[in-house]
Amino acid sequence: MVAQPKLDQGAALLAAYAQPSGAAWMNDARAKARASFAAMGAPHKRDEYWKYTDPSALTAIPTADADLFSTDAPIMFDEIDRVKITFVDGVFDADQSDDLALAGCSIETLADVAATDIHWAKELFGTLEAAGQDPVERPLAALNTALATQGLVIRVTGTCPKPLAIRYVHASETSDALVRHLIKVEKGASLTVLESGAGAARFNSVLEVDVADKGAFHHVRSQGRDHERKTVTHMFARLGTESLFNSFTLTVNGVLTRNEVVLELLGDDTQATVAGACAGDGASFHHDDTVFITHDAVNCESRQVFKKVLRNGATGVFQGKILVQPDAQKTDGYQISQGLLLDDDSNFLAKPELEIYADDVACSHGSTVGAIDEDALFYLGSRGVPHKQAQDMLTLAFLGEALDEIADEALRGEIETRLGAWMERR
Amino acid sequence: MLNIKNLQVGLEEENKQILKGVDLEIGEGEVHAIMGPNGSGKSTTSYVLAGKDGYEVTEGSATLNGQELLDMEPDERAAAGLFLAFQYPVEIPGVGNMTFLRTAVNAQRKARGEEELSAGEFLKVVREKAKTLKIDADMLKRPVNVGFSGGEKKRNEILQMAMLEPKMCVLDETDSGLDVDAMKLVAEGVNALRDGKRSFLVITHYQRLLDHIKPDVVHIMANGRIVKTGGPELALEVENNGYADILAEVG
């Protein structure tokens, strides 16, 4: 029995956006998601899955304004040879994007695909999101499937020659954007996707990623620094045999961020990593990583590495689960979540979960919260390193374990630079 | 060089006096040793000089070449030329030993208004000094002191000392936890830095370290004070008879 206020708020949300229309198959997919969302209702802080994060700013109508953020800092990933793709307030901007014609990689806009009667996306669009609704409901992802008209539909058949760098520009203080990407990495193919920027005052993004056997998907994301932005993201991925999945997210600033990652390891010998580093400042900062990894095959490895540095009353949340199905023998699961509190006012809330039905697995998990090590600070001081610099060094060292999960050195360098700049501003 | 006058120190957290008026003067190029039983205040003296939190100085002063150390932050004391080799070097996960060394060297150079060393220059110097202390490339790459053996940690302290080139070196029980060979290696490292100008304060329980690092002056500390001062022979006396005789003699 779903509480009436949830249903009412859900209905109000659906009514607040125009229902898009496209090809018949797309209309079907959207209608299914719309019905699913209507039945679930909007998320509410009384929901178990939203216990530590109040979703009301993500479901309010209309969304609260968010000031634009201006900076002299170079745009993210500027040093990387990449295919530039730009969305402004959630709308694809061809003028600010590179040519999307690439060898081994087809990139179309969701708007074009949605209007196409016969398209491979028919078999995939919305299906990973729908599968990810069980056993935990993710209404805001269903809402995205039902309503999003903007995004990319990507199919990689070889090794994509350059990373696709998607930049989300936040240009209007009142923008409320839904962005949806669908990514299909074919057998043996490989793709790197970079994301950066706030996107909108309120930004709801969903990525569906299907990685076929021996495929590889790399993802590095830097969420926008706009202080008042509200963001909810979902990433649903299905991983085939001997495939590789690696996703890293850096979050600094933003008033509310909820990043959900739902992975299903379906083929044997798959490796999946989800990592995140977060630096939060101020009582209004709230950041939530919610991860659900299902092991459904033999001899797979998954890693969750999340680190948060919090100060001046900031709040960090981690909800991470590893579910090992009965046949997923030889699973190697690792999960670590750690909070570094730079003062007594900040909070780190963690709910690590393991649910294991196979008997030959190795799963380790740890969750810690603590202050900066005073002995280490003194040690650095005694060697001549000033207090502030020593504190920054120890903070970066703390986040380092998460950054180390980024395989590409240049990309890791970009993230380190961004973090260094955050510390400089303090 | 170092001039400690009537230094009285208690713990901030509890009402307990640890140093009850320490007087000590170390001239340029001199090597002094402080010996004494457990709980006499030896390590507290070294921590207070370096500026560790948790101690309250109620009386007295400690100057390095005329500059009052007790008014400075730990990093300022280091830049002024003080170095403390820790009894228990701290592990810093996530910070590479090389990065740590270079940051420290350059922070001090910057504080003194000198030009920072480039990565290349630094690497050349550190490799050379590490070699004489038998510190291999792997130890330089690993996080600071993490997974180091007792001997490796102490050698790493001496490497830091060699890189930072302090004026006044305080060695807090550098011999603890070392086997004979490791102690020799550490002592050789220290002796290599004796240049007639640099001064040393060697804190130890045992005379054996002083066989390798020969002191000019030996002090006996007990109950928060220096109770007796003499030449190297004083250390031998302690080794042969223990502290009881000396303590009885000074009352």
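All values derive from a computational prediction rather than experimental measurement. Every chain is numbered from 1, with letters handed out A, B, ... down the list of sequences.
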Determine, stepwise, if the pair A/Ser382 / B/Phe83 fulfils side chain to side chain contact (heavy atoms under 4.5 Å, CB included). CA-CA 7 Å; A/Ser382 77; B/Phe83 181 89; over 6 Å; no
Give the C-alpha distance, both sets of side-chain angles, the deciding distance and a yes or no for side chain to side chain contact (heavy atoms under 4.5 Å, CB included) between A/Val385 and B/Asp75. CA-CA 6 Å; A/Val385 182; B/Asp75 58 294; 5.8 Å; no
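Contacts of B/Pro143 with chain A are absent, with no heavy-atom separation under 4.5 Å from either backbone or side chain. For A/Leu396, no part sits under 4.5 Å from any heavy atom of chain B, backbone or side chain. The part of B/Val144 that comes within reach of chain A is its side chain, from C-beta onward, which places non-hydrogen atoms under 4.5 angstrom from that chain. Neither the backbone nor the side chain of B/Asn106 comes within contact range of chain A; no heavy atoms are under 4.5 Å apart.
Applying the 6.0 Å contact sphere to CG of B/Asp138 captures more than 12 heavy atoms from other residues, nucleotides or ligands. More than 12 non-hydrogen atoms from other residues, nucleotides or ligands lie less than 6.0 angstrom from CG of A/Asp404. Crowding of A/Glu79 atom CD: a count of heavy atoms from other residues, nucleotides or ligands under 6.0 Å not exceeding 12. Within 6.0 Å of the NE2 atom in A/His365, the count of heavy atoms belonging to other residues, nucleotides or ligands does not exceed 12. Heavy atoms of other residues, nucleotides or ligands lying less than 6.0 angstrom from NZ of A/Lys330 number 12 at most. No more than 12 heavy-atom neighbours from other residues, nucleotides or ligands sit within 6.0 angstrom of CG on B/Asn15. The local environment of CZ in B/Arg112 is crowded, with over 12 non-hydrogen atoms from other residues, nucleotides or ligands closer than 6.0 Å. Counting heavy-atom neighbours within 6.0 Å of B/Glu13 CD, excluding the residue itself, gives a total of 12 or less.
Ring pair B/Tyr88/A/Tyr379: centre-to-centre distance not below 6.0 Å.
Between chain A and the options B/Gln160, B/Glu73, B/Glu91, B/Arg77, the largest number of non-hydrogen pairs under 4.5 Å is found for B/Gln160. Ranked by non-hydrogen atom pairs under 4.5 Å with chain A, the options B/Gly51, B/Ala79, B/Ala111 are led by B/Gly51.
By the 4.0 Å N-to-carboxylate-O rule, A/Arg383 lies close enough to B/Glu157 to be salt-bridged with it.
Within the 4.5 Å cutoff, the side chain of B/Ile92 has heavy atoms near those of the A/Leu380 side chain.
What you find for A/Gly384 and B/Ala107 is that their closest heavy atoms are O-CB, 3.3 Å. Heavy atoms only, all atoms of each residue included: B/Ala78 and A/Gly381 are closest at CB-O, 4.1 Å.
Note that the CG atom of A/Asp392 and the OG1 atom of B/Thr103 stand 11.5 Å from one another [nearest 0.5 Å].
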